[in-house]
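Working notes for the structure below.
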Amino acid sequence: MSFAPFLDNLPLQKSRLLQCFAGLIAPKSDTEFEALAQESRRLTLQNFGRTMRLFAPLYLSNECINNCRYCGFSRDNPILRVTLSLEQVVQEGRYLTKEGFRQVLLVAGEHPKLVSPTYLADCVRALAPNFSSIAIEVGPMERAEYAPIVEAGAEGLVVYQETYDRKIYAEMHTSGPKRDFGWRLDCAERGYEAGFRRLGIGALFGLAPWGQEAIALAAHVEYLLKRCWQAQITVSLPRLRPAAGEFQPAFSMTDRELAQLICAFRITFPQVGIVLSTREQAALRDVLASLGVTMMSAGSHTEPGGYTGQGSDDLHRTVRGRIVAPEFQEGEDAVATGQFEISDDRPAAKVAAVLRQRGFEPVWKDWDPALVVS
């Protein structure tokens with residue numbers, strides 16, 4: 001079974017739930033918008049209480065074999081690249097534990113030789129003693145390739161479809177295995193079958209009209225809740241940020257539209273986690289936290305070695321996929337290139353303090369493998 005037939009049929013037939021969702025994201029007056037916000041707050045408090053789960057991304061590698069027009073890691077971008085060694089990953093992890101984090105997301109570009117299932121399993125195994133929750137966000141794999149990563153201790157899989165519009169997807173992904181739309185679309189189900197207990201999906205807003213993208217993402221959530229019912233589903237709503245390659249998005253999404261979309265997801269899917277990244281500005285994140293968000297990254301870096309400077313001695317530059325020696329321009333830092341620019345650069349402790357001031361309890365740890373009955 002695949003989500004693809006449901007996606008392709010969306011223009012002609014939507015479930016009753018999706019029809020209600022479409023109504024929620026339609027233009028609203030100020031009074032109607034406030035009513036949405038109040039209902040979203042009520043449902044969030046009812047299902048999650050005044051808690052906010054905090055996590056940090058840990059970038060392992062910015063090597064990639066794909067060409068994606070919007071991504072800083074795109075193969076043909078002449079950026080500084082590195083893949084961290086296992087010891088370097090551990091050093092990055094130690095920094096994050098000192099900052100208070102017990103939940104980490106391992107992120108890497110898609111490069112099967114450098115970021116292999118064995119490498120990922122080794123990273124998870126090395127970090128597991130200090131992190132109760134480890135998720136991965138890497139290139140899609142076969143079910144059998146996910147199995148050793150789950151066995152090593154990873155419990156979450158995150159994979160964004162980027163855009164659910166097939167035509168735009170083909171235009172954005174010009175070469176590499178990521179061109180296979182269907183292979184990526186079914187990734188969450190393969191991960192579920194491999195044993196991941198938490199599945200995160202999302203769309204990258206700015207590639208297609210946001211309303212169209214939102215309905216497709218909601219349809220995917222509805223499908224996964226039925227198909228992968230034993231897993232926790234989370235949804236992310238990132239907006240495009242500046243990155244290497246200077247790609248300019250064709251479609252915009254205002255702050256108000258983002259807030260309305262968060263409310264729509266909360267009202268439609270009361271028990272689904274909603275994730276907010278540091279792509280958004282600090283002031284906006286503080287406001288959105290009270291609308292329906294349940295999980296936030298904090299103090300983030302989007303480059304390998306970004307927390308401690310690990311890997312700086314192993315940097316190289318790529319030019320159209322070819323490795324060349326790094327030549328640093330005057331004033332250029334000897335650090336790997338990040339995937340995108342972050343907007344909220346506050347330290348994790350500051351984010352936690354602001355959450356407390358707004359009546360929330362930051363949660364650094366909410367699950368432990370010891371709770372699983374074998």
Nearest heavy-atom approach of Ile274 to Val293 is O-CG1, 3.5 Å
Shortest non-hydrogen contact from Ile25 toward Ala214: CD1-CB, 4.2 Å
Check step by step if side chain to side chain donor-acceptor pair (under 3.5 Å) holds for Ser74 and Arg69. CA-CA 7 Å; Ser74 188; Arg69 292 176 56 196; over 6 Å; no
Consider only side-chain heavy atoms of I, L, V, M, F, W and Y, link residues closer than 4.5 Å, and tell whether Ile136 and Val150 are in one cluster. yes
Just so I know, are the side chains of Pro112 and Ile65 near enough to count as touching, which here means a heavy-atom distance under 4.5 Å? yes
State, with a plain yes or no, whether a side-chain heavy atom of Leu17 is found less than 4.5 Å away from one of Phe269. yes
Are side-chain heavy atoms of Phe205 and Ser252 found at a separation under 4.5 Å? no
Against Tyr164, only a single residue in Glu213, Gln212, His220 fulfils side chain to side chain donor-acceptor pair (under 3.5 Å); can you say which? His220
Give the C-alpha distance, both sets of side-chain angles, the deciding distance and a yes or no for side-chain contact (heavy atoms from CB on, under 4.5 Å) between Gln310 and Val82. CA-CA 10 Å; Gln310 299 297 315; Val82 71; over 6 Å; no
When rounded to the nearest 0.5 angstrom, what is the spacing between CZ in Phe33 and CZ in Arg256? 5.5 Å
Is it possible for you to say whether Leu224 and Leu7 belong to one hydrophobic cluster, with membership spreading through side-chain heavy-atom contacts below 4.5 Å? yes
Assess the residue pair Arg346 and Thr278 against the criterion (side chain to side chain donor-acceptor pair (under 3.5 Å)); give the C-alpha distance rounded to whole Å, side-chain angles, the decisive distance to 0.1 Å, and a yes or no. CA-CA 9 Å; Arg346 295 174 296 180; Thr278 51; over 6 Å; no
Salt bridge check, Glu155 against Arg198: does any charged N sit closer than 4.0 Å to a carboxylate O? yes
Go through the steps to decide whether Phe21 and Ile215 satisfy the test side-chain contact (heavy atoms from CB on, under 4.5 Å), and finish with yes or no. CA-CA 7 Å; Phe21 179 85; Ile215 291 174; 4.2 Å; yes
Do the side chains of Glu162 and Arg184 get nearer than 4.5 Å, heavy atoms only? yes
Glu92 and Gln88: side chain donor to acceptor below 3.5 Å: no
Given Thr308, Leu127, Leu58, the one that forms side chain to side chain contact (heavy atoms under 4.5 Å, CB included) with Leu96: Leu58
Please tell me whether Thr97 and Asn130 have a donor and an acceptor in their side chains that are separated by less than 3.5 angstrom. no
More than 12 heavy atoms from other groups under 6.0 Å of CZ on Arg50: no
Does Arg227 qualify as a cation-pi partner of Phe3, given the criterion of NZ or CZ under 6.0 Å from the six-membered ring centre and within 45 degrees of its axis? no
What's the verdict on side-chain contact (heavy atoms from CB on, under 4.5 Å) for Met172 and Cys68, showing C-alpha distance, side-chain angles and the deciding distance? CA-CA 6 Å; Met172 291 297 107; Cys68 308; over 6 Å; no
Taking Thr268 for its side chain and Phe265 for its backbone only, find out whether a donor-acceptor pair lies under 3.5 Å. no
Donor-acceptor pair between Ser132 and Arg102 side chains, under 3.5 angstrom: no
Is NZ or CZ of Arg239 both nearer than 6.0 Å to the six-membered ring centre of Trp210 and within 45° of the ring axis? no
Indicate yes or no: does Glu280 engage Arg285 in a salt bridge with an N to O separation below 4.0 Å. no
Are a donor atom and an acceptor atom from the side chains of His316 and Glu63 found within less than 3.5 Å of each other? yes
Look at the side-chain heavy atoms of Ile, Leu, Val, Met, Phe, Trp and Tyr, link any pair under 4.5 Å apart, and say whether Val158 and Tyr70 land in one connected group. no
Given side-chain contact (heavy atoms from CB on, under 4.5 Å), test Leu60 with Val107 step by step and report yes or no. CA-CA 6 Å; Leu60 307 174; Val107 189; over 6 Å; no
To the nearest 0.5 Å, tell me how far Ile134 CD1 sits from Leu120 CG. 11.5 Å
Could you walk me through whether Glu303 and Thr337 pass side chain to side chain donor-acceptor pair (under 3.5 Å), step by step? CA-CA 6 Å; Glu303 70 275 17; Thr337 304; over 6 Å; no
Leu204 and Leu284: same hydrophobic cluster, using ILVMFWY side-chain contacts below 4.5 Å? no
For the backbone of Ser300 and the side chain of Ser297, can you confirm whether one donor and one acceptor N or O come within less than 3.5 Å of each other? no
Establish, from distance only, whether the side-chain atoms of Asn67 and Ser175 form a donor-acceptor pair under 3.5 Å. yes
Short side-chain to backbone donor-acceptor contact, Gln19 and Lys14, under 3.5 Å: yes
Exercise: do Thr302 and Tyr59 side chains pair donor with acceptor under 3.5 Å: no
Heavy-atom side-chain contact between Leu18 and Glu222 under 4.5 Å: yes
Distance only, no hydrogens: is a donor on one side chain within 3.5 Å (strictly under) of an acceptor on the other, for Tyr119 and His111? no
Do Val275 and Pro238 have side chains that get closer than 4.5 Å, going by heavy atoms? no
dist Asn47:CG -> Arg266:CZ (nearest 0.5 Å) comes out at 7.0 Å
Short question: side chain of Ser40, backbone of Leu36 - any donor-acceptor pair under 3.5 Å? no
Report yes if some heavy atom in the side chain of Trp183 is under 4.5 Å from a heavy atom in the side chain of Arg190; otherwise report no. yes
Atom CZ of Phe6 with >12 non-hydrogen neighbours under 6.0 angstrom: no
For the residue pair Arg41 and Leu291, establish whether any side-chain heavy-atom pair is separated by less than 4.5 Å. yes
How close do Ala154 and Val124 get, counting heavy atoms only, and between which atoms? N-CG1, 3.3 Å
May I ask you to check whether Tyr146 and Glu151 show a side-chain donor-acceptor distance below 3.5 Å? no
Does Asn77 use its side chain to pair, donor to acceptor, with the backbone of Ile79 at less than 3.5 Å? no
Is the backbone of Lys113 close enough, under 3.5 Å, to the side chain of Ser116 for a donor and an acceptor to pair up by distance? no
Using only heavy-atom distances, determine whether the side chains of Arg42 and Gln46 contain a donor-acceptor pair under 3.5 Å. yes
Are Val159 and Val272 co-members of a hydrophobic cluster defined by side-chain heavy atoms under 4.5 Å apart? no
Ignoring hydrogens, what is the shortest heavy-atom contact between Ala289 and Leu355? Give both atom names and the distance. CB-CD2, 4.1 Å
What heavy-atom pair brings Leu258 and Leu237 nearest, and what distance separates the two atoms? CD1-O, 3.9 Å
Does the Glu110 side chain pair with the main chain of Cys64, one donor and one acceptor, at a distance under 3.5 Å? no
Crowded around Gln38 CD? As in, over 12 foreign heavy atoms under 6.0 Å? yes
More than 12 non-hydrogen atoms from neighbouring residues, nucleotides or ligands closer than 6.0 Å to CD on Gln281, yes or no? no
Does the Lys NZ or Arg CZ of Arg279 fall within the cation-pi geometry relative to Phe340 - under 6.0 Å from the ring centre and within 45° of the axis? yes
Mind listing the closest non-hydrogen atom pair of Ala203 and Leu217 along with its distance? N-CD2, 4.0 Å
Give a yes or no on whether a salt bridge exists between Glu34 and Lys28, defined as a side-chain N under 4.0 angstrom from a carboxylate O. no
